[in-house]
Every structure is written in structure tokens, then in C-alpha cells.
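Everything on this sheet refers to the single structure shown next.
Just so you know, these numbers use all the heavy atoms, side chains as well, and skip hydrogens, waters and symmetry mates. Predicted model only: the values in this text are computed from it and were never measured.
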Amino acid sequence: EVRLVESGGDMVQPGGSLRLSCAASGLSFSITDMSWVRQAPGKGPEWVSTINFGGDRAFYADSVRGRFTISRDNAKNTLFLQMDSLISEDTALYYCAVARWPTERRVRYYDYWGQGTQVTVSS
């Protein structure tokens, strides 16, 4: 069974930073593209970022590009999301997730999700 466990969410002030982590098991992590998806209150899930299996290619939603950095440690089966210059619109439950195929951004084609970690940006 695929298991994805997110951590690192917190409440921060605008302009602050957080680093999220996702511990993965039950899949061949080192050959699997990994993604972050978030869901804000009252809204549907939104794709945020994807990193390829080797960690040398990354993709970002326009809303976070330049502020967020996705990375991974294949030796530890762990995915990260460094979030800087946070704004209130970043408030959401953040999930790590796996799509059915590489480069997919449509969330209905993401088969595996973690429990999520809450990020709240508020003054």
C-alpha cells in the first residue's frame, strides 16, 4: 500500500517561510515523479509543483513560481517543498501526491495522496 505522510505545516506571518516534508513508502520512490497539491478552504484541489524522479527537473504553478522550491532525497524516500515569501493565498492543506503518468497536472488523475499538512499564512 502506498503511504505518503506530510509534515512541516504551521501558522506563519506573511513573508515567512516553511519547509514541508513528505515521507513515502510502498512505491518505487526513486523512479517516481512526485508532486505537491494543495486545497484552500472552500476550493478544489490545486496542483502546485512536480519534480521528476531524478530530481533535476521541476515544474511550478504560476501562483508559486519564484517563491517555492521542490526537491527530493531519494536515499531517504522523502519529498520537500521549501516555501518562501508566503502570502495569505498560500493558506491551504498541502498534500504530496503521485499522478498516473509524468507531467500530469489535472488532479483527478492523481491516484495517491497523503493526509495533508496545514499551512496557514496570517497576520
Side-chain angles (χ1 to χ4, degrees):
E1 178 181 347
V2 174
R3 180 172 167 83
L4 304 170
V5 182
E6 302 93 339
S7 62
D10 205 349
M11 177 178 288
V12 298
Q13 296 184 26
S17 297
L18 285 173
R19 190 182 76 157
L20 307 183
S21 298
C22 171
S25 61
L27 77 164
S28 298
F29 184 81
S30 63
I31 61 171
T32 303
D33 290 5
M34 298 295 298
S35 299
W36 288 97
V37 179
R38 68 186 181 185
Q39 186 165 14
K43 300 179 64 178
E46 173 194 18
W47 172 83
V48 174
S49 182
T50 295
I51 188 168
N52 77 321
F53 65 90
D56 58 345
R57 295 181 183 179
F59 308 89
Y60 300 94
D62 290 343
S63 57
V64 306
R65 187 176 296 109
R67 300 187 299 114
F68 290 10
T69 303
I70 190 171
S71 62
R72 64 193 297 159
D73 185 342
N74 284 347
K76 297 182 177 180
N77 288 355
T78 304
L79 176 73
F80 303 99
L81 185 68
Q82 177 67 43
M83 306 185 296
D84 298 318
S85 301
L86 285 161
I87 59 177
S88 60
E89 290 79 7
D90 295 320
T91 295
L93 188 64
Y94 284 72
Y95 303 91
C96 56
V98 181
R100 296 183 185 180
W101 46 78
T103 74
E104 180 59 61
R105 300 182 180 186
R106 295 168 292 179
V107 296
R108 68 180 180 272
Y109 296 119
Y110 279 72
D111 288 335
Y112 304 111
W113 303 69
Q115 295 296 309
T117 186
Q118 179 66 42
V119 172
T120 301
V121 185
S122 176
S123 60

Study note, to complete from the structure: Scanning both residues in full, the closest heavy-atom pair of Asp90 with Val121 reads CB-CG2, 4.3 Å
Check your understanding: Under the side chain to side chain contact (heavy atoms under 4.5 Å, CB included) criterion, do Val48 and Val37 qualify, and how do the steps go?
Key -> CA-CA 5 Å; Val48 174; Val37 179; 5.6 Å; no
Check your understanding: Is the backbone of Phe53 close enough, under 3.5 Å, to the side chain of Asn74 for a donor and an acceptor to pair up by distance?
Key -> yes
Check your understanding: What are the two closest non-hydrogen atoms of Val12 and Ser17, and how far apart are they?
Key -> CG1-O, 4.2 Å
Point to revise | Single hit among Thr91, Leu93, Val64 for side-chain contact (heavy atoms from CB on, under 4.5 Å) with Arg38 | key: Val64
With a cut-off of 3.5 Å and sequence neighbours excluded, list every side-chain donor-acceptor pair involving residues 1-9.
from: Glu6; atom 1: OE1; to: Gln115; atom 2: N; distance (Å): 3.0
from: Glu6; atom 1: OE1; to: Gly116; atom 2: N; distance (Å): 2.8
from: Glu6; atom 1: OE2; to: Cys96; atom 2: N; distance (Å): 2.8
from: Glu6; atom 1: OE2; to: Gly114; atom 2: N; distance (Å): 3.4
from: Glu6; atom 1: OE2; to: Gly116; atom 2: N; distance (Å): 3.4

Review point. For the side chain of Arg72 and the backbone of Asp33, is there at least one donor-acceptor N/O pair under 3.5 Å apart?
Key: no
Review point. Can you check whether Ser85's main-chain N or O pairs, donor with acceptor, with Arg67's side chain at less than 3.5 Å?
Key: yes
Exercise for review: Show your working on side chain to side chain contact (heavy atoms under 4.5 Å, CB included) between Leu27 and Tyr112 and close with a plain yes or no.
Suggested key: CA-CA 10 Å; Leu27 77 164; Tyr112 304 111; 5.9 Å; no
Check your understanding: Would Leu79 end up clustered with Trp47 when hydrophobic side chains under 4.5 Å apart are linked, directly or stepwise?
Key -> no
**Study point:** For the student: nearest non-hydrogen atoms of Thr32 and Val98, plus distance
**Key:** CG2-CG1, 3.7 Å
Practice item. Starting at OH of Tyr94, measure out to CD of Glu46 and round the result to the nearest 0.5 Å. Key: 8.0 Å
Check your understanding: At their closest point, which heavy atom of Pro14 faces which heavy atom of Ser123, and how far apart are they?
Key -> CD-N, 3.8 Å
Check your understanding: Can you list the other members of the hydrophobic cluster that holds Trp101, where links are side-chain heavy atoms under 4.5 angstrom apart?
Key -> Tyr109
Point to revise | Where Met34 and Phe29 come nearest, the two heavy atoms and their spacing | key: CG-CE1, 3.7 Å
Check your understanding: Can you check whether Leu20 reaches Phe68 side chain to side chain, under 4.5 Å on heavy atoms?
Key -> no
**Study point:** Partners meeting side-chain contact (heavy atoms from CB on, under 4.5 Å) with Phe80 (sequence neighbours left out)
**Key:** Arg19, Ser21, Ser71, Asp73, Thr78
Point to revise | Flag if over 12 foreign heavy atoms under 6.0 Å of CZ, Arg57 | key: no
Point to revise | Atom of Tyr110, atom of Ala97 and distance for their closest heavy-atom approach | key: CD2-CB, 3.5 Å
Review point. Is there a donor-acceptor contact under 3.5 Å from the side chain of Ser49 to the main chain of Phe59?
Key: yes
Practice item. Answer yes or no: does atom OH of Tyr60 have more than 12 heavy-atom neighbours from other residues, nucleotides or ligands under 6.0 Å? Key: yes
Point to revise | Nearest-0.5 Å distance, OH of residue Tyr95 to OG1 of residue Thr117 | key: 10.5 Å
Review point. When rounded to the nearest 0.5 angstrom, what is the spacing between CG in Asp10 and CD in Gln118?
Key: 10.5 Å
